[in-house]
Amino acid sequence: MVCRIRANIIEPAQIPPKVAGYPFTNWSLSKLKQAVEERKIVASISIETLRVILNEVKITYQNTKTWKASNDLEFESKKTESKSYTTVLR
C-alpha cells in the first residue's frame, strides 16, 4: 500500500504541469504538494516528506530566481527608476 501511494505521488512529478491540467509550466514542491492533495492521493503531506520521496527516485527541484536578477545591462538604473515611482505612489 505504501509503495503504491509513493508511486502515485511520484507520477505527477514526472509529467509537465500543463499536461496534468495546471496553468503553469514547472512544478515547485508547494505546487506538487497541492496537486497530490487535490487528487486525494494523500489527505496531507509535508513539503519535506515530498522532497524525501522525490529524492529517493532522483527527482529534484531547484528554487527559482526572483525578478531581482537580470542580465539586462541597464537593469540597475531601471530598478532605481522604478523604485522612485513606487515611492511617490505610496
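As a basis for the values below, the full set of heavy atoms in this structure was taken, side chains included, without hydrogen atoms, waters or symmetry mates.
Side-chain contact between Lys31 and Pro17 is absent, with no heavy atoms from C-beta onward closer than 4.5 Å. Residues Pro12 and Leu32 are in side-chain contact: their nearest non-hydrogen atoms beyond the backbone lie under 4.5 Å apart.
For Glu74, there are no side chain to side chain donor-acceptor pair (under 3.5 Å) partners at least two apart in sequence or on another chain.
Within the 3.5 Å criterion, the main-chain N or O of Ile45 finds a donor-acceptor partner in the side chain of Lys33. Formation of a donor-acceptor pair under 3.5 Å by the Trp27 side chain with backbone atoms of Gln14 is not found in this model.
Residues Leu29 and Arg51 come closest through the heavy atom pair CD1-NH1, 3.2 Å.
The distance from the CZ atom of Arg6 to the CD1 atom of Ile41 is 13.5 Å, given to the nearest 0.5 Å. From Glu37, atom CD reaches atom CD1 of Ile9 across 9.5 Å, with rounding to the nearest 0.5 Å.
Only one option out of Thr49, Val36, Leu50 pairs with Val42 in a side-chain contact (heavy atoms from CB on, under 4.5 Å); it is Val36.
Enclosure of atom CD in Glu11 is not indicated, since only 12 or fewer non-hydrogen atoms of other residues, nucleotides or ligands lie within 6.0 angstrom. Surrounding CG of Leu73 are at most 12 heavy atoms belonging to other residues, nucleotides or ligands under 6.0 Å away.
Side-chain heavy atoms closer than 4.5 Å link hydrophobic residues (I, L, V, M, F, W, Y) into clusters, and following such links, possibly through other members, connects Phe24 to Ile47.
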For Ile59 and Ile10: C-alpha separation, side-chain torsions, deciding distance, then whether side chain to side chain contact (heavy atoms under 4.5 Å, CB included) applies. CA-CA 9 Å; Ile59 297 174; Ile10 294 164; 4.1 Å; yes

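The closest side-chain donor-acceptor pair between Tyr22 and Glu38 falls under 3.5 angstrom.
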